[in-house]
Amino acid sequence: CRILKCNSEYLSATSGLHVGTEESAEFCIALRAYSQCTRKTARACRGDLAYHSAVHGIEDLMNQHNCSKVGPTQTPARAQPTSLDCMVHSDAPELCNYEKSLQRHAPHPNYTHCGLFGD
Amino acid sequence: PHLRTFTDDFQTCKVRGAWPLIDNNYLFVQVTNVAVVPGSSATATSKLTVIFKNFQECVDQKVYQAETDDLPAAFVDGSRNGGEKHGANSLRVLERVAGQHIEIHAKYIGTTIVVRQLGRYLTFAVRLPEEVANSFEDNQGLQLCLKGCPTNERMDWRLPQPRKGGSAAPHSAFTREAATAKCRERLPVDDLYFRSCVFDLLTTGDVNFTLAAYYAFEDVKNLHSNKDKLHIYQRTADHSEGNSAPGR
């Protein structure tokens, strides 16, 4: 569950903002990004108190700032993948890339092969 | 089917019905094999199931299933990646040739799977790290890719001796010479891929098995980590091969 990461990203995005109508747009952008972040982690966070608090909190804050659910987020647009090697999200955990996750321990893992064909 | 194990053992097995190829902490692969011709114990693969197990922040559990004439470019839930987690795209199904060739890239476990349909049957090839292949518990069952087929499931075939003018098997449209010539078109080296090809043609008369052997070797070329071990000349438990002349 990565809810703490979502929390800290939201806090960091809103740290310089003051509650007021002139900065509501910035709050909305940050809240939509926060909401997007929680949705991504929803499955892993099922039953996590911090997660459910965050989801309710976001709803309240969006109402408070009159934010629409659709609109820009602070998350920079991800570039389209150009090859298979680039298809893992830039913010995907390093452990989702076997070779990268191993680099510290074993730079060159041994691979094996199995095949089945014919009759 | 002909099986090349993780340790480069080469076997021809009966294994009729459903058999697990791989069963470890990350991956489960099972094939179902059916008889190819009446009166022969030779079988070929008509169904393949692959289960990628739920893995940390990368992928949800995903099931891939292929059957003869149904080689989908998606998991059974219709998705083509690992779900909704941050690292979901570390698991992808890629269609290379519609209905004939798909690849599954599981980057989070350094694994590539190739599934093809050639004629009426499926072929399977996988490349994975030894660490992943060896990550199983004692209570995880049989894995053909790991230790090969049980002894009583192995077919210790030998190529039939030449019989001038006659076909080698009742169901075969090929003489041995014709089968040899056909297989040599695609497989110039007299290794076990070549010999399996000849055996399959003589057993079934189905020329698609030539392509199965050819692409199985192409997959080995692409997936095997040791380019010096691509060809295999001696079968495992090969007690009495009729054609025991050196491979080359």
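Quick note: numbers below take in every heavy atom, side chains included, and nothing from hydrogens, waters or symmetry partners. So you know, we letter chains A, B, ... as the sequences are listed, proteins then strands, and number each from 1. Given the structure is predicted, the values throughout are model-derived calculations rather than measurements.
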Exercise. So does B:Lys147 have more than 12 non-hydrogen atoms from other groups sitting under 6.0 Å from NZ?
Worked result: no
For this session: Select, from B:Asn81, B:Leu3, B:Leu48, B:Asp200, the one with the greatest count of heavy-atom pairs under 4.5 Å involving chain A.
Result: B:Asp200
Exercise. Relative to chain A, which of B:Val36, B:Thr43, B:Leu223, B:Leu21 shows the most heavy atom pairs under 4.5 Å?
Worked result: B:Thr43
Seminar exercise, completed: Residue from B:Ala106, B:Cys145, B:Gly83 scoring the most non-hydrogen pairs under 4.5 Å with chain A is B:Cys145
Exercise. What distance do A:Asp119 atom CG and B:Thr204 atom OG1 have between them, rounded to the nearest 0.5 Å?
Worked result: 5.5 Å
For this session: Measure the OG1-CG distance between B:Thr45 and A:Leu116 for me, rounded to the nearest 0.5 Å.
Result: 4.5 Å
Problem set entry | Per-residue contact mode, B:Asp60 against chain A (heavy atom under 4.5 angstrom) | side chain
Seminar exercise, completed: Highest number of heavy-atom pairs under 4.5 Å with chain A among B:His224, B:Met155, B:Arg127 belongs to B:Arg127
Exercise. Which region of B:Phe55, side chain (C-beta onward) or backbone (N, CA, C, O), has a non-hydrogen atom less than 4.5 Å from a non-hydrogen atom of chain A, or is it both or neither?
Worked result: side chain
Exercise. When heavy-atom pairs shorter than 4.5 Å are enumerated against chain A, which of B:Ala44, B:Pro1, B:Ala212, B:Ala125 gives the highest number?
Worked result: B:Pro1
Problem set entry | chain A interface, residue from B:Ser225, B:Pro129, B:Cys197, B:Ala213 that has the most non-hydrogen pairs under 4.5 Å | B:Pro129
Exercise. Any idea which heavy atoms bring B:Val132 and A:Tyr98 closest together, and the distance?
Worked result: CG2-CE1, 4.3 Å
Exercise. When only pairs under 4.5 Å are counted, which of A:Gly115, A:Gly118, A:Cys114 shares the most heavy-atom pairs with chain B?
Worked result: A:Cys114
Exercise. Using the benzene-type ring in the case of Trp, are the ring centres of A:Phe117 and B:Tyr193 under 6.0 Å apart?
Worked result: yes
For this session: Could you tell me whether the side chain of A:Asn97 reaches within less than 4.5 Å of the side chain of B:Ser90, counting heavy atoms only?
Result: no
Exercise. When rounded to the nearest 0.5 angstrom, what is the spacing between OH in A:Tyr111 and CG in B:Asn226?
Worked result: 15.0 Å
For this session: Nearest 0.5 Å please: distance from the OG1 atom of B:Thr5 over to the NE2 atom of A:His113.
Result: 10.0 Å
Exercise. Hey, what do you get for OG (A:Ser101) to OH (B:Tyr108), rounding to the nearest 0.5 Å?
Worked result: 12.5 Å
Problem set entry | B:Val220 versus chain A, the contacting section by heavy-atom distance below 4.5 Å | both
Problem set entry | Nearest-0.5 Å distance, NE2 of residue B:His86 to SG of residue A:Cys37 | 5.5 Å
Problem set entry | Heavy-atom contact with chain A under 4.5 Å, split by part of B:Gln56 | side chain
Problem set entry | Side chain / backbone / both / neither for B:Phe124 at chain A, heavy atoms under 4.5 Å | both
